**Q** 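Take this structure, written in structure tokens, and hold onto it; I'll ask about it next.
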Amino acid sequence: MKNLKGIYSALLVPFDKEGNLIEEGLREVINYNINVNKVDGLYVNGSSGENFLLNTAQKKRIFEITKEEVGDRINLIAQVGSLDLNEAVELAKYATDLGYDCLSAVTPFYYQLSFEEIKYYYETIINATDNNLILYYIPFLTGVKISLDQFGELLSNKKVIGVKYTAADFYQLERFRKRFPDTLLFSGFDEMLVQAAISGVDGAIGSTYNVNGKVSREIFDLAKSGKVEEAYNLQHKANDVIEKVLELGLYQTLKEILKVKGINAGYCKKPMKEFDPAKLPEVEKLVKDYNL
């Protein structure tokens with residue numbers, strides 16, 4: 001199996017004000033991640049790509065453009081999770097045929113599904129493609145919590161090779177790492193990368209890596225090599241950036257940072273509001289002060 005460890009940007013996707021995909025802008029964001037952020041891979045059509053605001057055709061086109069632009073330069077993980085299981089299967093087949101290295105799928109949300117229903121959802125996606133899959137665990141948005149025993153049951157399927165763990169329960173993370181030492185484990189909280197690294201994750205997937213990927217890799221490598229104080233010093237700076245980005249609006253501000261860098265990062269899909277242009281000087285100051 002291909003080595004999928006490392007730092008991944010949860011790919012940002014540019015849209016125009018009417019919500020149409022800006023294809024050339026997407027290519028620019030992809031190449032910025034490869035050439036400037038030096039990421040190991042891209043996590044495509046996740047939350048940061050505004051996936052749950054998109055129709056099936058848009059999702060497919062994003063998968064297609066990304067693979068076309070990346071080729072084999074870096075790893076590609078396709079997030080295909082959907083409340084419509086038929087759509088999830090359709091997207092999984094599409095991404096597999098395009099040559100994505102691995103699939104991922106968010107736990108089905110909104111309806112309070114039983115664990116058996118969640119397990120059926122994942123098995124259906126895997127059986128339709130025979131591709132490897134990474135569970136996308138993000139309980140604070142989905143409302144779905146999975147116990148260690150339930151993770152073990154899901155991981156008993158050899159095609160389930162890992163977890164994108166976006167939760168603040170670091171006790172569970174430590175217990176997970178001890179119980180499943182050979183499972184691919186990604187951190188999903190950019191602001192807690194140091195803690196995740198020293199807890200034994202194999203990599204990280206995050207939205208802010210689209211603008212701060214090089215520093216994030218340095219944090220990760222320092223923490224992994226035992227230089228925790230140095231890693232924390234960098235994490236403090238990264239979190240200063242994250243704090244400001246969250247204050248101004250997460251995805252809108254990340255796109256504005258890319259625009260300041262000359263990338264056609266477009267707008268967010270409605271009903272997300274547009275970035276307040278009066279706050280652009282704050283973004284420009286952020287880019288300058290933190291050398292983004």
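Not measured: the values here are computed from a predicted model. Because only heavy atoms are used, hydrogens play no part in the values below, and waters and symmetry mates are left out as well, while side chains stay in.
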**Q** Could you tell me if the ring centre of F140 sits under 6.0 Å from that of F189?
**A**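 Centroid separation for F140 and F189: below 6.0 Å.
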**Q** Taking the side chain as every heavy atom from C-beta outward, state whether I257 and N212 have any atom pair closer than 4.5 Å.
**A**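 Side chain of I257 against side chain of N212, heavy atoms only: no contact under 4.5 Å found.
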**Q** Output yes when K159 and E123 qualify as a salt bridge under the 4.0 Å nitrogen-oxygen rule, no when they do not.
**A**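 Result for this pair is no, no salt bridge flagged.
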**Q** Does Y43 have K164 sitting over its ring (NZ/CZ under 6.0 Å from centre, angle to axis within 45°)?
**A**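 Yes, K164 and Y43 form such a contact.
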**Q** Of N31, N37, N35, which is the lone residue that meets side-chain hydrogen bond (donor to acceptor under 3.5 Å, both in side chains) with N33?
**A**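 Between N33 and the candidates, side-chain hydrogen bond (donor to acceptor under 3.5 Å, both in side chains) is satisfied uniquely by N37.
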**Q** For E247, check salt bridge (charged side-chain N to carboxylate O under 4.0 Å, His left out) against everything at least two apart and list the hits.
**A**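 With sequence neighbours excluded, E247 shows a salt bridge (charged side-chain N to carboxylate O under 4.0 Å, His left out) to K244, given in chain and number order.
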**Q** If you look at every heavy atom in S9 and V39, which pair is closest and at what distance?
**A**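 For S9 versus V39, the nearest heavy atoms are OG-CG1, 3.4 Å.
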**Q** Can you find a heavy atom in the side chain of D16 that is under 4.5 Å from one in the side chain of L21?
**A**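 SC-SC contact between D16 and L21 ruled out.
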**Q** Could you walk me through whether S216 and D190 satisfy the side chain to side chain contact (heavy atoms under 4.5 Å, CB included) test, starting with their C-alpha distance in whole Å, then the side-chain angles of each, then the deciding distance to 0.1 Å, before giving a yes or no?
**A** CA-CA 8 Å; S216 301; D190 307 13; over 6 Å; no
**Q** Is V44 reachable from I22 through a run of I, L, V, M, F, W or Y residues, each pair having side-chain heavy atoms under 4.5 Å apart?
**A**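 No, separate clusters.
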**Q** State the NZ-CZ distance between K224 and R217, to the nearest 0.5 angstrom.
**A**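 It is 13.5 Å, given to the nearest 0.5 Å.
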**Q** Tell me, please, which residues at least two apart from K17 pass salt bridge (charged side-chain N to carboxylate O under 4.0 Å, His left out).
**A**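 Scan of K17 (salt bridge (charged side-chain N to carboxylate O under 4.0 Å, His left out), adjacent residues dropped) gives E274.
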**Q** Are side-chain heavy atoms of L135 and L133 found at a separation under 4.5 Å?
**A**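 Sidechains of L133 and L135: in contact.
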**Q** Looking at every non-hydrogen atom in both residues, tell me the closest pair between L254 and S207 and how far apart they are.
**A**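 In this case the closest contact between L254 and S207 is CD1-O, 3.7 Å.
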**Q** Could you go through the ring pair (Phe, Tyr, Trp, His ring centres under 6.0 Å) check for Y267 and F275 one step at a time?
**A** CA-CA 8 Å; Y267 303 88; F275 182 82; over 10 Å; no
**Q** Side-chain donor-acceptor pair under 3.5 Å between Y136 and S47, yes or no?
**A**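 Short answer, yes.
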**Q** To the nearest 0.5 Å, what is the distance between CD1 (I30) and CD1 (I65)?
**A**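 It is 7.0 Å, given to the nearest 0.5 Å.
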**Q** So if I apply the salt bridge (charged side-chain N to carboxylate O under 4.0 Å, His left out) rule between K2 and each of D101, D72, D40, which one comes out positive?
**A**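 Single salt bridge (charged side-chain N to carboxylate O under 4.0 Å, His left out) partner of K2 among D101, D72, D40: D101.
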**Q** Taking the side chain as every heavy atom from C-beta outward, state whether T253 and Y251 have any atom pair closer than 4.5 Å.
**A**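 Side-chain contact under 4.5 Å: no.
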**Q** Does the side chain of F170 reach to within under 4.5 Å of the side chain of R175, using non-hydrogen atoms?
**A**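 In short, these two side chains do not touch, never coming nearer than 4.5 Å.
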**Q** A92 and L103: which non-hydrogen atoms are nearest, and at how many Å?
**A**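 Taking every non-hydrogen atom into account, CB-CD1, 3.7 Å.
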**Q** Flag yes if V106 and Y111 sit in one hydrophobic cluster, no otherwise; membership is Ile, Leu, Val, Met, Phe, Trp, Tyr, and two members link when side-chain heavy atoms are under 4.5 Å apart.
**A**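 Yes, V106 and Y111 fall within the same hydrophobic cluster.
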**Q** Assign the ring pair F186 / Y8 to parallel, tilted or perpendicular, where the plane angle (0 to 90°) is split at 30° and 60°.
**A**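 Perpendicular, since the angle between the ring planes exceeds 60°.
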**Q** V144 vs L113, test: side chain to side chain contact (heavy atoms under 4.5 Å, CB included). Steps then yes/no.
**A** CA-CA 9 Å; V144 177; L113 300 177; over 6 Å; no
**Q** Show your reasoning for whether side chain to side chain contact (heavy atoms under 4.5 Å, CB included) applies to N210 and Y32.
**A** CA-CA 8 Å; N210 284 274; Y32 188 84; over 6 Å; no
**Q** Let's go through F15 and K270 carefully: what are the C-alpha distance in whole Å and the side-chain angles of both, what is the deciding distance for side chain to side chain contact (heavy atoms under 4.5 Å, CB included) to 0.1 Å, and is it a yes or a no?
**A** CA-CA 10 Å; F15 301 98; K270 291 181 174 63; over 6 Å; no
**Q** Assess the residue pair Y290 and D240 against the criterion (side chain to side chain donor-acceptor pair (under 3.5 Å)); give the C-alpha distance rounded to whole Å, side-chain angles, the decisive distance to 0.1 Å, and a yes or no.
**A** CA-CA 9 Å; Y290 291 91; D240 288 343; 3.2 Å; yes
**Q** Step through it carefully: locate the ring centre of F52, locate the ring centre of F109, and say whether they are under 6.0 Å apart.
**A**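 Yes: the rings meet the under 6.0 Å criterion.
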**Q** How close do I125 and A105 get, counting heavy atoms only, and between which atoms?
**A**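 In terms of heavy atoms, the two residues are closest at CD1-CB, 4.0 Å.
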**Q** Say whether L53 and Y110 are linked into one hydrophobic cluster, either directly or through other cluster members, by side-chain heavy-atom distances under 4.5 angstrom.
**A**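 Same cluster.
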**Q** Just wondering, are more than 12 heavy atoms of other shown residues or ligands nearer than 6.0 Å to CD in E229?
**A**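 Count not over threshold, so no.
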**Q** Quick one: do K279 and E282 make a salt bridge, cutoff under 4.0 Å?
**A**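 Looking at E282 together with K279, the answer is no, because their closest N to O distance does not fall below 4.0 Å.
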**Q** At what distance, to the nearest 0.5 angstrom, does CG of N51 lie from NZ of K59?
**A**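 That separation rounds to 4.5 Å.
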**Q** Regarding D289 and K237, does a basic nitrogen lie under 4.0 Å from an acidic carboxylate oxygen?
**A**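 So D289 does not pair with K237 through a salt bridge.
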**Q** I need the N45 CG to S104 OG distance, nearest 0.5 Å.
**A**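 Going from the CG atom of N45 to the OG atom of S104 covers 11.0 Å.
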**Q** Verify the neighbour count for atom NZ of K214: are there more than 12 heavy atoms of other residues, nucleotides or ligands below 6.0 Å?
**A**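 No, NZ of K214 has 12 or fewer neighbouring heavy atoms, counting only those of other groups under 6.0 Å.
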**Q** Are K255 and E50 within salt-bridge range, i.e. N to O under 4.0 Å?
**A**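 E50 and K255: salt-bridged.
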**Q** Hey, which of V260, L292, V245 is the one that makes side-chain contact (heavy atoms from CB on, under 4.5 Å) with V283?
**A**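 Single pass found, and it is V260.
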**Q** Which heavy atom in A128 sits nearest to a heavy atom in V89, and how many Å separate them?
**A**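 Minimum heavy-atom separation between A128 and V89: CB-CG1, 3.6 Å.
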**Q** Quick one: are V160 and N132 in side-chain contact, heavy atoms under 4.5 Å?
**A**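 V160 vs N132: side chains apart.
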**Q** Is the shortest side-chain heavy-atom distance between L11 and S48 below 4.5 Å?
**A**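 Side-chain contact under 4.5 Å: no.
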**Q** Has the side chain of E284 got a donor or acceptor atom that lies under 3.5 Å from a matching backbone atom of L286?
**A**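 It does not hold such a pair.
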**Q** Applying salt bridge (Lys or Arg N to Asp or Glu O under 4.0 Å) to D202 and R177, what does each step give before you reach the verdict?
**A** CA-CA 10 Å; D202 299 299; R177 181 74 295 171; 3.1 Å; yes
**Q** Answer yes or no: is there a side-chain heavy-atom contact under 4.5 Å between V211 and V287?
**A**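 They are not in side-chain contact.
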**Q** Going hydrophobic residue to hydrophobic residue with side-chain gaps under 4.5 angstrom, can you get from I62 over to Y94?
**A**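 Yes, I62 connects to Y94 through the hydrophobic network.
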**Q** Please report the interatomic distance OG(S187) to CG(L193), rounded to the nearest 0.5 Å.
**A**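 Taking OG in S187 and CG in L193, the distance rounds to 6.0 Å.
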**Q** Could you walk me through whether D97 and K67 satisfy the salt bridge (Lys or Arg N to Asp or Glu O under 4.0 Å) test, starting with their C-alpha distance in whole Å, then the side-chain angles of each, then the deciding distance to 0.1 Å, before giving a yes or no?
**A** CA-CA 11 Å; D97 289 344; K67 179 59 181 176; over 6 Å; no
**Q** Would you say the ring centroid of F63 lies under 6.0 angstrom from that of Y100?
**A**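 Ring centroids of F63 and Y100 are less than 6.0 Å from each other.
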**Q** Checking side-chain hydrogen bond (donor to acceptor under 3.5 Å, both in side chains) against N239, which of E243, H236, Q235 comes through?
**A**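 Checked E243, H236, Q235 against N239; only one passes side-chain hydrogen bond (donor to acceptor under 3.5 Å, both in side chains): Q235.
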**Q** Which pair of heavy atoms, one from L258 and one from A265, lies closest together, and at what distance?
**A**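 L258 and A265 have their closest heavy atoms at CB-CB, 3.8 Å.
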**Q** Do R27 and E68 meet the salt-bridge criterion of a basic N to acidic O distance under 4.0 Å?
**A**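 Between R27 and E68 there is a salt bridge, with a charged N closer than 4.0 Å to a carboxylate O.
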**Q** Kindly indicate whether a cation-pi arrangement holds for K5 with F220, taking the cut-offs as under 6.0 Å to the six-membered ring centre and within 45° of the axis.
**A**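 Not flagged: K5 not positioned over aromatic ring of F220.
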**Q** Measure the NZ-CD distance between K145 and Q172 for me, rounded to the nearest 0.5 Å.
**A**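 The CD atom of Q172 is 9.0 Å from NZ of K145, to the nearest 0.5 Å.
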